[in-house]
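One structure is given below, encoded as structure tokens.
In the text below, chain A, chain B and the rest are named by the order of the sequence lines, each starting its count at 1. No hydrogens, no waters, no symmetry mates; every other heavy atom, side chains included, goes into these values.
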2 protein chains.
Amino acid sequence: MKPTAHPDPERCRLVNDIIALVGDKWSVQVVMCLGGGQQRFTEIRRAVEGISQKMLTVTLRGLERDGYVQRTVHATIPPRVDYELTPLGYELLVPLKALGDWALTHYRRVAAARAAYDARALADAAE
Amino acid sequence: MKPTAHPDPERCRLVNDIIALVGDKWSVQVVMCLGGGQQRFTEIRRAVEGISQKMLTVTLRGLERDGYVQRTVHATIPPRVDYELTPLGYELLVPLKALGDWALTHYRRVAAARAAYDARALADAAE
DNA sequence: CTGTATCCCTCCTGATACTG
DNA sequence: CAGTATCAGGAGGGATACAG
């Protein structure tokens with residue numbers, strides 16, 4: 001693959017806006033988790049290892065605000081809240097999975113590049 | 001599109017590792033900028049609007065470490081440094097562009113969802 | 001021109017405690 | 001169960017000054 005068109009500033013901004021939403025520590029993991037179907041708050045919390053209660057709430061609110069996630073409250077005792085991807089959420093899953101597949105295919109090359117870079121940096125520092 | 005397989009923790013971690021690299025404020029913009037071909041430090045700085053000198057340096061170092069970008073120093077006066085995507089970088093550009101195209105296609109729906117959510121939040125607060 | 005070094009401040013994040 | 005409230009620590013990121 002070789003160089004293509006020159007970057008468009010407007011395009012950059014829009015892309016970055018979506019990426020920013022998607023690029024934080026938890027959003028992608030939550031969306032992928034919900035790709036498995038409707039789940040409750042605690043189920044997601046268990047599935048996404050390491051996420052705190054606060055951050056799960058914040059993340060879900062953000063995804064709901066952007067229309068990726070549908071939140072359904074059942075007025076029962078104890079309360080029950082279901083989260084599910086909207087049609088938009090499922091559509092987002094497609095390019096997200098593409099990126100995920102790419103990561104799974106190439107992460108070894110990234111790891112190798114990192115190791116090589118760090119080794120070189122270490123050697124330079126030792127001179 | 002409907003629910004698929006259950007999320008795999010290991011897969012989540014690997015994907016998140018790549019996304020984290022890609023998901024910061026500047027990396028994607030720089031990679032897309034370099035998709036236009038080899039460029040000098042100052043050229044990138046001008047193309048990526050709003051980036052500071054410090055953050056461009058930090059971002060380029062990160063991309064170089066992960067093997068996405070090749071850095072070439074010319075020992076001239078004044079110094080000249082060229083940056084170019086590696087083959088791995090160009091490959092990353094593919095799923096990145098897919099996500100970018102998705103963003104361009106659907107950002108209106110995201111904006112609409114945000115507006116609706118904010119309007120509703122405002123109405124709820126006013127009651 | 002292409003960086004490095006420093007200061008500083010904001011925001012993200014986790015931990016903890018409390019509510020309906 | 002599903003949150004909200006509060007606080008503190010640390011990383012991210014900008015401004016500035018300086019160096020090769």
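Of the side-chain N and O atoms in B:R40, none sit less than 4.0 angstrom from OP1 or OP2 of C:dC1. The phosphate of C:dG3 (OP1 or OP2) has a side-chain N or O of B:R71 nearer than 4.0 angstrom. Contact between the side-chain N/O atoms of B:Y83 and the OP1/OP2 oxygens of C:dG3 is found at a separation under 4.0 Å.
We find that CZ of B:R80 is positioned 16 Å from C1' of C:dG3, with the value rounded to whole Å. One atom, CD1 of B:I77, and another, P of C:dC1, lie 13 Å apart when rounded to the nearest Å. B:L56 places its CG atom 13 Å from the C1' atom of C:dC1, with the value rounded to the nearest Å. Remark: P of C:dG14 and CZ of A:R45 are 10 Å apart, rounded to the nearest angstrom. One interatomic measurement links the two molecules: CD of B:E64 to C1' of C:dG3, which rounds to 13 Å at whole-angstrom precision. Rounded to a whole Å, the CG atom of B:D82 is 10 Å from the P atom of C:dG3.
Candidate nucleotides C:dT13, C:dG3, C:dG20 were compared by shortest atom distance to the side chain of A:M55, and C:dT13 ranks first.
Here A:T42 pairs with A:R46 under the side-chain contact (heavy atoms from CB on, under 4.5 Å) rule; sequence neighbours left out.
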What donor-acceptor contacts under 3.5 angstrom involve side-chain atoms of residues 68-81 of chain A, with partners at least two apart or in another chain?
from  : atom 1 : to    : atom 2 : distance (Å)
A:R71 : NE     : A:Y83 : OH     : 3.2
A:H74 : NE2    : A:D82 : OD2    : 2.9
A:T76 : OG1    : A:P78 : O      : 2.9
A:R80 : NE     : A:D82 : OD2    : 3.3

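B:V58 and B:V31 fall within a single hydrophobic cluster, where Ile, Leu, Val, Met, Phe, Trp and Tyr side chains are chained together by heavy-atom contacts under 4.5 Å. Both A:W102 and B:V30 are assigned to one and the same hydrophobic cluster, defined by single-linkage of ILVMFWY side chains at heavy-atom distances under 4.5 Å.
For the pair B:Q53 and A:W26, nearest-nucleotide mapping onto DNA chain C gives the more 5' position to B:Q53.
From the 5' end on, the contacts that DNA chain D makes with chain B at under 4.0 Å to a non-hydrogen atom open and close at D:dG13 to D:dG20.
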